[in-house]
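For reference, the structure discussed in these notes is given below.
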Amino acid sequence: AGAAAAAEKVAVGALRFTSHAPTFIAYERGYFADEGLDVELKFFQAAQPVAVAVASGDVDFGVTALTGGFFSLADKGAVRVIGGLMSEHPDHDGSAVLVSNKAWDEGVRSMADLRGRSFALTQFGSSFHYMAGRIAEANGFALEDMRLVPLQKVGAMIGALKSGQVDAMAIVPHIARPLDAAGAAHIVGWVRDLGPYQVTTIFTSAANTTERPELVRRFMRAYARGIADYRAVMLDQDRDPAATEAMVDLIHKYVYADRPREKAAPSIKAGAVHLNAGAALDVADVERQLTWFKKHGLAPAGLTMDKLVDPRFQPAGE
Amino acid sequence: MSEPACAHAREGARPVPYRGGGFAPRPRRWAGAAFLAGLIAFWEMCSRLGWISPLALPAPSEALAALRDLAQSGLLAKHLGASLGRLAQGWTLGVLAGIAAGLAAGLFSLARAGIVPLVAALFPIPKIALLPLFIIWFGIGEESKVATILFGTFFPMTIAVYGGVDNVDRTLIRMGQSFGLSRLSIIRKIVLPGAMPAILSGMRISASIAIILLVAAEMIGAEYGVGAYILLAGNLMATDQLIAGVMILSAMGLTVSWLLGMAERRLLRWRA
Amino acid sequence: MSEPACAHAREGARPVPYRGGGFAPRPRRWAGAAFLAGLIAFWEMCSRLGWISPLALPAPSEALAALRDLAQSGLLAKHLGASLGRLAQGWTLGVLAGIAAGLAAGLFSLARAGIVPLVAALFPIPKIALLPLFIIWFGIGEESKVATILFGTFFPMTIAVYGGVDNVDRTLIRMGQSFGLSRLSIIRKIVLPGAMPAILSGMRISASIAIILLVAAEMIGAEYGVGAYILLAGNLMATDQLIAGVMILSAMGLTVSWLLGMAERRLLRWRA
Amino acid sequence: MDLRVVGLTHVYAGAPVLQDIDLEIPSGRILCVVGPSGCGKSTLLRMLGGLERPDAGAVLQVGEPPEGCLNPLTYIFQDFALLPWRSVAGNVALALEDRRLGRAEIARIVDDVLARTRLSAYRDALPRQLSGGMRQRVAIARALAVRPACLLMDEPLSALDAQTRELLMDDLVGLWLREGFTACYVTHNLAEAVRLGHRVAVLSRRPGRVREVIEIDMPLEERAERMPELAVHERRLWQLLREEAAAADQELADV
Amino acid sequence: MDLRVVGLTHVYAGAPVLQDIDLEIPSGRILCVVGPSGCGKSTLLRMLGGLERPDAGAVLQVGEPPEGCLNPLTYIFQDFALLPWRSVAGNVALALEDRRLGRAEIARIVDDVLARTRLSAYRDALPRQLSGGMRQRVAIARALAVRPACLLMDEPLSALDAQTRELLMDDLVGLWLREGFTACYVTHNLAEAVRLGHRVAVLSRRPGRVREVIEIDMPLEERAERMPELAVHERRLWQLLREEAAAADQELADV
Ligand SMILES: Nc1ncnc2c1ncn2[C@@H]1O[C@H](COP(=O)(O)OP(=O)(O)OP(=O)(O)O)[C@@H](O)[C@H]1O
Ligand SMILES: Nc1ncnc2c1ncn2[C@@H]1O[C@H](COP(=O)(O)OP(=O)(O)OP(=O)(O)O)[C@@H](O)[C@H]1O
Ligand SMILES: [Mg+2]
Ligand SMILES: [Mg+2]
């Protein structure tokens with residue numbers, strides 16, 4: 001596209017996580033510039049403020065899990081989902097369900113045993129809350145049969161699990177595996193076994209979708225190239241070690257930047273996640289999530305799929 | 001005063017200009033309440049006229065509606081009860097410990113050498129940053145919540161108290177010594193009352209900090225509590241409930257300030 | 001003193017018992033530093049001996065290693081620079097505004113009626129709870145960060161200052177009036193110096209609060225900053241980096257406390 | 001500039017302190033006020049200087065203050081009222097700083113009054129480093145610095161040693177002879193009262209009323225030598241005060 | 001209980017204040033100390049009472065304090081040192097509270113001393129509601145309450161009116177006759193000095209040295225009537241002080 005003339009200024013909200021790698025790839029490799037976008041990265045410590053910043057117009061695009069707060073902003077007509085990013089995929093490690101040693105010793109061996117147990121989450125209305133709901137549903141008991149403990153931070157959840165103050169939690173694989181290996185906790189199941197799950201989505205302000213659809217389209221094209229690069233290298237890291245190392249170098253500029261590369265590289269590699277090709281959105285699952293959130297009073301009752309999702313920016317195919 | 005003044009005016013006499021007075025603000029109860037009420041009315045007006053977008057700040061009436069819902073659901077009492085219990089415990093312990101540490105730092109060279117840098121080093125540590133560690137140290141029960149508030153109030157209290165002790169008139173202390181009062185008596189009867197203005201000022205500050213820290217304290221596994229209510233409202237971006245929760249905290253702050261104002265009037269009556 | 005005392009001892013004379021002194025802690029610089037160093041050494045020892053599980057608290061050496069990594073990556077300077085800039089702006093503005101508001105509340109009945117309840121109502125509002133609204137009000141740039149720190153320091157400063165003004169000796173003010181000093185002169189030359197001990201004590205408290213609020217301020221769209229570093233470490237569960245970040249904050253607190261200690265010695269030299 | 005007190009009455013928290021005081025201080029004269037401790041002398045002086053508002057009655061000033069006078073009605077406080085954070089020179093300078101005088105002019109005046117009160121060596125000392133008498137001299141120096149038209153003095157010499165007191169009394173007389181200021185001088189020392197006062201007002205015990213005003217005609221400059229002639233006045237004052245005290249004792253006995 | 005001062009020397013921040021003071025206060029005698037303002041009288045008194053440590057020399061106490069005495073060495077401070085947050089009665093009671101006396105006993109003593117200082121009507125007043133003289137009387141009442149073996153008085157009567165002063169002086173003499181306490185009495189009033197002192201020590205100007213000690217043999221109880229005979233002592237003191245002041249003036253002129 002005609003990039004040269006006057007690149008359009010766009011602000012993208014980012015978190016320093018490997019799951020945001022496509023943003024960094026598209027930025028570093030000039031895919032945004034190719035689309036005539038003059039992107040400025042704005043860094044945040046949590047996903048929710050990104051959504052608020054998009055709502056207030058300080059940022060144009062962001063990536064987030066679907067949460068109660070996000071649904072609320074969508075209901076106010078401030079933000080809309082335009083694509084899917086991370087999802088649970090049968091062929092890849094997604095989030096694992098961990099139980100504490102104490103619970104393990106008491107005989108908790110599977111997700112079905114979690115009835116009557118405590119389950120750590122960051123906050124009510126977060127994706128962890130939803131995962132707890134999926135676990136309960138799939139194993140035939142009510143969400144109320146688990147004691148949900150909000151602990152705000154992943155670090156706090158892990159601390160509580162390790163010290164046996166909560167029985168279970170769900171967490172990304174590159175944290176779950178080492179904990180299991182070190183004997184600090186036990187993996188008793190995987191979230192991917194519960195069925196398809198669209199974990200994070202790409203979103204923008206409602207105003208952008210109506211007033212600047214062309215810009216949104218260009219952004220999505222560039223972003224999809226970033227995803228493609230990531231998938232090509234990180235989902236099979238042994239195929240081309242040189243490319244993998246180059247990718248790690250790129251990501252290390254943004255993630256674990258304060259650690260020496262040799263310390264950071266294993267974490268980056270282990271943190272590889274499954275990203276949807278072409279930023280395709282699993283609309284059916286989004287609808288399922290919305291229904292669940294509404295049912296539990298965590299999303300506004302009046303929010304419809306039309307208001308939440310703008311499907312016009314989906315790629316025609318892979 | 002006016003009559004004789006007039007009588008003498010024709011002789012070129014005029015009253016001596018009054019230069020005294022002032023510098024003694026009197027409490028004006030109603031003015032304060034009226035001011036706050038006016039402010040809220042103004043805010044409501046701005047919201048109604050659309051000068052404040054609902055995204056930026058809900059109207060006070062919406063927040064009050066959320067508050068009414070909460071009260072009717074019966075949860076308000078539960079939230080309040082849980083939070084007030086934590087506040088009372090954490091703040092009382094923090095204030096008492098702060099007075100003890102502040103007195104020690106104000107009286108003994110060695111205690112000062114230890115306490116002042118320790119306070120300077122530990123006070124600036126944000127409680128929220130340490131939440132993961134707090135869970136391991138104090139668990140996820142009431143202890144961790146009380147501890148959060150305790151640590152938050154202990155440090156400012158210590159600083160205020162030792163500042164106040166430093167400011168106690170040394171000739172009064174010498175007087176106490178000259179009458180052979182025991183060290184303890186001097187501390188109880190001369191140092192403490194002399195530092196009382198600073199202690200009360202420190203209590204004002206630490207009470208507000210304790211209320212602020214409710215939110216941080218109730219981040220960890222709290223089912224009920226005003227802080228937990230606010231956090232949930234924030235997560236769900238329910239700004240009306242958020243503001244309703246904040247209003248509860250403000251009301252707590254006003255109540256504490258009013259109680260401390262009464263205590264000040266009683267305890268500091270000796271001041272001109 | 002000992003020689004003549006001995007000479008007279010055989011006549012049944014003994015020196016008058018010394019009852020004075022004390023109640024005047026002298027700064028002992030090295031004692032403070034030694035105490036902190038000892039504490040850290042003790043902590044390291046406990047960690048090495050396994051008395052403190054690495055889960056509960058990493059050893060200081062690990063935190064220092066993380067700090068070294070940070071310094072070598074060149075990011076330390078960036079983080080520090082960003083945070084110090086925000087601190088300096090937010091704290092300076094907050095302190096100045098607090099002194100102005102505190103003076104007004106300490107001097108004028110009407111200002112007191114407005115300011116005291118407003119402070120009591122707004123101070124207890126937790127900044128973290130309002131973060132979503134802060135983003136909408138102030139955006140995600142430096143303004144929102146400076147505003148967070150400003151609001152956090154303004155309120156305690158106001159309380160400390162009006163407490164101090166209340167405590168200024170009224171006879172000195174009457175003296176100033178009797179010499180026909182202007183109101184401004186009285187405020188500048190009598191009220192302000194008289195309230196200086198309380199102002200400095202308030203600055204100690206508000207500086208610590210400002211450092212605490214770095215974390216809250218840098219939750220929003222901060223690329224660099226010690227608070228952002230700590231938040232990230234918390235998210236990634238890197239306790240060594242978490243403690244390293246906390247150590248930076250502590251060092252800031254110590255520096256400010258040391259600077260204020262010097263200012264106190266200079267400005268309050270007139271005190272016994 | 002004359003001062004005139006008309007029907008002045010004051011009540012503190014329900015207890016009357018001053019009742020129906022009528023007094024006249026003609027320009028250039030010194031009025032001494034004596035009376036039992038707690039009878040309201042300091043209160044009266046505060047009202048003369050406009051620092052307190054009487055509940056009834058008024059304090060009038062008749063005529064204009066003379067040229068060159070910086071602060072017409074100037075106090076010397078009973079408890080000195082020195083700023084603890086300012087040096088001796090700084091405390092004196094305070095009274096001059098709002099007057100649009102140059103720095104050099106201020107320094108000159110400060111040096112001058114410090115020399116007159118024998119404090120030059122303590123220019124830079126802080127109040128807490130001074131003895132009680134020295135503090136009182138600083139307060140006197142500060143008052144002299146503003147060239148007052150009317151000095152309101154609350155026991156200005158009580159903490160001074162006999163020698164300094166004598167010197168400062170001479171100084172006051174000299175100053176009065178040169179500049180002819182008006183003054184109201186509260187004292188407990190009857191010798192001082194008859195030495196300095198053109199008139200001496202005796203207040204009754206609380207609530208203070210004017211019991212008697214004694215005129216002393218002898219010119220101030222001659223009094224130092226003619227002290228024995230003043231003894232009659234001193235005895236008269238003594239007797240008046242003794243009667244007051246006796247009456248007070250009577251009251252206490254009745255309680 | 002005698003007090004003995006041996007070779008006492010003190011320096012404040014490099015400037016000598018007291019130099020080689022030798023004094024003796026035999027049991028049951030009153031020593032008056034006079035001297036120019038700032039010569040170190042208050043400092044000397046602080047050292048006598050053990051409130052400050054001399055740089056060299058010592059203050060010795062010889063023998064035991066008498067029975068029933070609660071606080072052997074008791075001060076009356078120059079600036080009163082009243083607790084602003086305690087009432088008059090509370091300020092007096094303070095000195096008694098650490099002594100294992102019953103409440104009733106404390107109340108009795110307080111009532112007694114307040115009556116003796118004519119303050120009974122002001123039991124519940126706060127210091128800020130009192131006049132300067134009344135505050136001084138509270139300080140005196142507090143000191144009397146502990147039945148001191150040795151009173152250390154720093155210008156205790158300077159802010160009092162002539163009448164109250166006379167009464168309190170009589171009171172002190174009466175007390176001394178009954179209880180025979182030892183005292184060191186700092187004053188600027190030479191009449192007081194010759195009225196109360198068995199000996200009067202004259203200090204030189206700063207740094208204070210003992211310039212002379214005058215013995216006055218007349219029994220205290222007779223002095224009120226035989227004042228004229230004391231005049232010779234007063235004149236002698238006056239002359240000594242005048243010489244000191246002249247020397248000080250000389251020094252200042254030399255500067
Ligand atoms: N703020 C106050 N509140 C109540 N009573 C007061 C206050 N100030 C003074 N008084 C009372 O007013 C009376 C007069 O006080 P004032 O200081 O004028 O006396 P004075 O004549 O100067 O005595 P002295 O010679 O002892 O200095 C005293 O009895 C005192 O108790
Ligand atoms: N804390 C201090 N620091 C420095 N100098 C001091 C201090 N206290 C007193 N001085 C000095 O010591 C000297 C003696 O003071 P002191 O109070 O003993 O005098 P004094 O004889 O009691 O005088 P007065 O009769 O005026 O009360 C004074 O010159 C004073 O300046
Ligand atoms: Mg008076
Ligand atoms: Mg003295």
Honestly, the part of C:I243 sitting under 4.5 Å from a heavy atom of chain B is side chain
Just so I know, are the side chains of C:I136 and B:L57 near enough to count as touching, which here means a heavy-atom distance under 4.5 Å? no
Rounded to the nearest 0.5 angstrom, the CG-CZ distance for C:L181 and B:R19 is 10.0 Å
When the 4.5 angstrom heavy-atom criterion is applied to C:A129 and chain B, the contacting part is both
Looking only at B:I230, B:I173, B:I187, B:V191, the option with the highest number of non-hydrogen pairs under 4.5 Å against chain C is B:I173
So C:I205 and B:F123, do their side chains get closer than 4.5 Å, heavy atoms only? yes
If one checks every heavy atom of B:T171 against chain C at 4.5 Å, the contacting part turns out to be neither
State whether the number of non-hydrogen atoms from other residues, nucleotides or ligands found under 6.0 Å of C:R183 atom CZ is greater than 12. yes
From the list B:G106, B:S178, B:G234, the residue making the most non-hydrogen contacts under 4.5 Å with chain C is B:S178
Whatever's closer than 4.5 Å to a heavy atom in chain B on C:L260 counts as neither
Applying a strict 4.5 Å limit to non-hydrogen atoms, the region of C:P132 in contact with chain B is side chain
From the list B:G152, B:G245, B:A34, B:S201, the residue making the most non-hydrogen contacts under 4.5 Å with chain C is B:S201
Counting heavy-atom pairs under 4.5 Å with chain C, the top scorer among B:P156, B:G180, B:A31 is B:P156
Between the CZ atom in C:F35 and the CD1 atom in B:I115, the distance rounded to the nearest 0.5 Å is 8.0 Å
CD1 of B:I212 to CD1 of C:I125, rounded to nearest 0.5 Å, is 9.0 Å
In terms of heavy-atom pairs under 4.5 Å with chain C, the winner among B:L39, B:L249, B:N167 is B:N167
Checklist entry - Would you say B:L242 and C:L133 make side-chain contact, with heavy atoms under 4.5 Å? => result yes
Okay, C:R112 and chain B: the region with an atom under 4.5 Å from a heavy atom over there is side chain
Side chains of C:V119 and B:R204 in contact at under 4.5 Å (non-hydrogen atoms)
no
Most contact-rich option vs chain B, by heavy-atom pairs under 4.5 angstrom, among C:P17, C:A207, C:A113, C:P197, is C:A113
Residues 158-166 of chain B vs chain C, non-hydrogen distance cutoff under 4.5 Å, contacting residues -> B:I159, B:A160, B:Y162, B:D166
Pair count under 4.5 Å, heavy atoms only, with chain B: among C:A198, C:A33, C:P126, C:G261, highest is C:P126
Looking only at C:G253, C:G114, C:S208, the option with the highest number of non-hydrogen pairs under 4.5 Å against chain B is C:S208
So, the part of C:A105 with a heavy atom under 4.5 Å from chain B: the answer is backbone
- Item | Any side-chain heavy-atom pair of B:L254 and C:P117 under 4.5 Å | yes
If one checks every heavy atom of B:M219 against chain C at 4.5 Å, the contacting part turns out to be side chain
Under 4.5 Å to a heavy atom of chain C? For B:M237 that would be side chain
To the nearest 0.5 Å, atom CG of C:L118 lies from atom CG of B:L36 at 6.0 Å
Whatever's closer than 4.5 Å to a heavy atom in chain B on C:I186 counts as side chain
* Whether B:S250 side chain and C:A121 backbone form a donor-acceptor pair below 3.5 Å -> yes
Fill in: Enclosure of B:W258 CH2 (heavy-atom neighbours >12, cutoff 6.0 Å)
no
